[in-house]
Amino acid sequence: MLRTRELTKRFGAHAAVDGVNVEIRRGTLHAIIGPNGAGKTTLFNLLSGELRPSEGAVEFAGRDVTCFDATTRSQLGIGRSFQRTNVFPKLTVFENVRLAAQTRTGESFALWRSVTELADVSARAERVLDEFGLLGYRSQLASELAGGDQRLLELAITLATDPVLLLLDEPSQGLSPEDARRLIDRIGTLAERYTIVLIEHNVPLVMRLATEITVMNFGRVLAHGTPDEIRANPAVRTAYLGTRGTR
Amino acid sequence: MTRFAVLVAIVALAPLVLRYPELETQILTFGLLAVAFNLLLGEMGFLSFGQATFNGAGAYAAARVLIDAHAALPLALLVGVIAGAITAAAIGALAITGRGVYGVMLTFAFNEMAYYAAFQWRDVTGGDNGLSGVPRPGIFGVSLADPTHYYYFTALVVLLAFAAVLRVNGSPFGAVLRAIRENEDRARAIGYRVRRFKVTAFAISGALSGLAGGLYAGLYRFVPLQAIDLDTSTNIVIAALLGGTGSPYGALLGAAIFTVLSNSLSHVWSHWPLIFGLVFCAVVLFFRGGLWSIAERWSRRAAHA
Amino acid sequence: MSGLVEVQLLNGIVQGMIYALVAAGLTLIFGMLDIPNFAHGAFYALGAYVAFTVVSSTGNFWLAIAVVPLVVAALGLLVDAVAMRRLARAGHVYQILFTLGLVLIVQEAIVLIWGANPTSVNVPAALGGGVPLGAVSFPFYRLFLVVAAALVIGVVWIALERTKYGAIIRAGIDDPEMVDCIGIDVQRLFTIVFGIGVGLAALAGALILPIRGGQPSMGNELMATSFAVVVIGGLGSYLGAVVGGIFVGLTQAVMTILYPAASEVAIFAAMALVILIRPQGLFGNR
């Protein structure tokens, strides 16, 4: 579904992402792990179109999307969530999600309709909110939500754009263990319906959820395989897992 | 809806209470300018210091059509609307290349450019002396020569424009503008072409400002150079902030208060801008919601009591 | 050659140095400190008027040049401490709006204190006379202005580029928390930079006084041109502000010779061109 070819991003002389080839297959939950500074988020920004690569290409659904910006890629069905909660703070929870659902209607330049007339947009927003257990907060401002709920809202916004591929950048970061568990469960259910690429620091959790894992270090792909293969990979153990002390 | 009904009632009855139809007409045209400004700041979060540019473009264009072609008033106003929209779209497209303060500076600088252009282009604008001899034709056989008649004509046009603004704010388009205000990057990431929305918002704001300019030209049968100068842009900003940017009603309220005060205070104490400046600074420091938010708080408290 | 063209060009450089001083201050405050101070022009006007008071009460222009930047900078720092920092959390828009209110206050206070009519002072006696240039002569004072402005601009530039403090300021701008870690009081440094920025504008006002005199609206007129200068030069670039200032001054002078009606519009047309071709400005790197 998504494939990169020799993807490289340099900042000055430093290559944050260096000749990366990954393939994300339909229906997988593909985790990208690696120590801090391994280039995971930069890779994500290259996949979602926030950054342009210095070299290499990104293909999505058989199409070269290297030159497409984030907006276009989002319209093609690549939805992403952000590491820092990235919502519309002074709009209500419902408006947050409705805005995301509205992107797919072609009605956004309708000046003369009332936004409440877009019944299927509202219905879709409600469905997504319900799925995330946020329907009870629909009239609250996003900024008034607790941290964990804001992260859920962040995900809900991404899902409401009706993506086919989800890029999730450390969704559990900054959450209490309990909130993190709730979120991860949610991602587990989402994996049944979406292709997901996940950056996550919590390695045991990743091992449990992911169907495929790519390990990055110093901007390069260190290893790729199933969780079991990764666990058994000696290079990964020395470079990453060993230092983290995972069982 | 009830608020709009109250507004219509106030506008309809105003000339019966206060017998200064010219002043009241000016409140309406200036109010429309503040509402147009507020579409950009209140809804989209862009502080435009160039609103007089669009006002002036509309005023000169409408006046020229009235003078040179003896056009009917609605046609002249339409020309003003188009002139304002095109000017605003062009300046907006340039101004939004930069973020934050940079964009504000650009609207400011382009306003100064427009001022000098109008100042020098005497054949069209009359330069320093202003553009005089603008006819005010009647409409559908009704003469608008009487100031009160012209007031009601202006009131009709401005109320329609105001209703249109309310409608746009409540539209899917308006929702996207607020998304841009709240988090431009996120709006882009979920698939909105932010640039197009911004330029469109500028065009709408410019169209409304151009309409206000056209009405103003008809009011005094004259377009002064001040119609396009930076002080007018600044006054629009001040009036809208004073009223409150949370609602178009606030902008209208601020414009009314500003117009009345600046007309009356200037007779009392010639240094009234000093007080205005102090009040304005206090509003920015302590009452960022403006008068409208205070009024809303009171009415909520009254409703609870 | 009658020398008239040369005089025009020299005048362009004189005006350009004034723009450069003001825009250098603007780029320090807007670009480096990220404080949108729209009252920068008002500080320039205050510089001229305070200088007027000093000159008319003591008769000493040199004293005015020395005192004015300090007095006005102190005022600027007061504003920064009282309002701008408090408004930083509310966002740029409110900082801009506050300084807009300040512009109103300053402009009207000038009218109240010094009157609405233009004021002027004589060129200091030591700098009277002129340099012959063809059939005309060019005033000494204007040459002095160019040299003085260039000196001040150069000193600030050296302080920014070649000293430890300059390096810290630039580092502080990239990463304030980082510098905080090293144990340097960034806030105090920022305060100093803000003061220097305001002081540069005030100095420009004082220097222009013997040539142009003072008018209450002088700050407003300058503000738009300074914006054009920093957009052309690149917001946040010190060198850009200086080169942009001289460029704009010369452009005005050349246009005044070629096609006077467009001399003002030409500046902003140049600005529009820069936005379209090189949005980060000639010397900007963003």
Side-chain angles (χ1 to χ4, degrees), chain B residues 41 45-47 49 90-91 93-122 127 181 229-231 233-235 237-238 240-242 245 269-286 288, chain C residues 26 30-31 34-38 79 82-83 86-87 90-109 111-112 116 217 220-221 223-232 235-236 259-269 271-272 275-276 279-281 286:
Chain B
L41 181 63
F46 188 97
L47 174 58
F49 262 108
I91 289 176
L94 286 171
I96 60 174
T97 49
R99 280 203 170 184
V101 181
Y102 191 82
V104 183
M105 284 167 44
L106 291 179
T107 55
F108 193 97
F110 279 121
N111 199 152
E112 191 73 346
M113 174 179 181
Y115 170 81
Y116 280 117
F119 179 77
Q120 294 291 351
W121 202 6
R122 282 163 200 284
R181 179 191 72 199
D229 78 0
L230 265 170
D231 283 349
S233 284
T234 308
N235 288 345
V237 176
I238 292 172
L241 257 289
L242 208 61
T245 54
W269 193 45
S270 62
H271 300 296
W272 65 275
L274 193 64
I275 297 173
F276 237 117
L278 288 168
V279 170
F280 184 73
C281 284
V283 166
V284 173
L285 278 175
F286 307 113
R288 257 160 246 154
Chain C
L26 200 63
F30 273 55
D34 202 25
I35 301 171
N37 170 25
F38 273 56
V79 170
V82 168
R86 179 178 311 189
L87 284 169
H92 278 151
V93 166
Y94 289 100
Q95 290 183 312
I96 295 173
L97 292 170
F98 182 84
T99 53
L100 175 69
L102 215 58
V103 169
L104 282 184
I105 295 171
V106 169
Q107 193 172 331
E108 207 52 42
V111 175
L112 197 65
S217 66
N220 280 356
E221 285 154 19
M223 209 51 193
T225 314
S226 316
F227 285 163
V229 169
V230 294
V231 170
I232 291 171
L235 188 58
Y259 187 54
S263 66
E264 301 290 343
V265 173
I267 300 165
F268 299 104
M271 176 186 84
I275 299 165
L276 287 172
Q280 71 271 41
R286 264 183 279 187

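All figures in this text were calculated on a predicted structure; none of them were measured in a lab. Residue numbers begin at 1 in each chain, while the letters A, B, ... track the order of the sequences.
- The residue among B:F276, B:F119, B:Y102 with the most heavy atom pairs within less than 4.5 Å of chain C is B:Y102.
- Proximity to chain C (any heavy atom under 4.5 Å) is shown, for B:L94, by both the backbone and the side chain.
- In this structure, C:P36 and B:V101 approach most closely via the heavy-atom pair CB-CG2, 3.6 Å.
- Interface remark: C:L112 contributes backbone and side-chain atoms alike to the contact with chain B (heavy atom separation under 4.5 Å).
- With a threshold of 4.5 angstrom between heavy atoms, B:D231 approaches chain C through side-chain atoms but not through N, CA, C or O.
- Using a 4.5 Å cut-off between heavy atoms, B:L278 touches chain C through backbone and side chain atoms alike.
- Residue C:V106 does not touch chain B at all, counting heavy-atom pairs closer than 4.5 Å.
- Both the backbone and the side chain of B:Y116 come within less than 4.5 Å of a heavy atom in chain C.
- Contact annotation: the side chain of C:Y94 approaches that of B:L241 to within less than 4.5 Å [non-hydrogen atoms, C-beta and beyond].
- Looking at C:H92 and C:D34, their side chains come closer than 4.5 Å, going by heavy atoms from C-beta outward.
- With a threshold of 4.5 angstrom between heavy atoms, B:I275 does not approach chain C through any atom at all.
- Interface remark: B:F49 contributes side-chain atoms only to the contact with chain C (heavy atom separation under 4.5 Å).
- C:F38 is not listed as a side-chain neighbour of C:L97, based on a closest heavy-atom distance of 4.5 Å or more.
- Heavy-atom pairs under 4.5 Å with chain B peak, among C:V93, C:L100, C:V265, at C:L100.
- Judged by distance alone, the side chains of C:E221 and C:T225 never bring a donor and an acceptor atom under 3.5 Å apart.
- C:F227 and B:A109 get closest at one heavy-atom pair: CB-CB, 4.4 Å.
- Distance check, rounded to the nearest 0.5 Å: CE of B:M113 to CD of C:E264 gives 11.5 Å.
- When each of B:T234, B:L106, B:V283, B:V279 is scored by its heavy-atom pairs under 4.5 Å with chain C, the top score falls to B:L106.
- Considering C:V111, C:L104, C:I105 as possible partners of C:E108, the one that fulfils the side chain to side chain contact (heavy atoms under 4.5 Å, CB included) test is C:V111.
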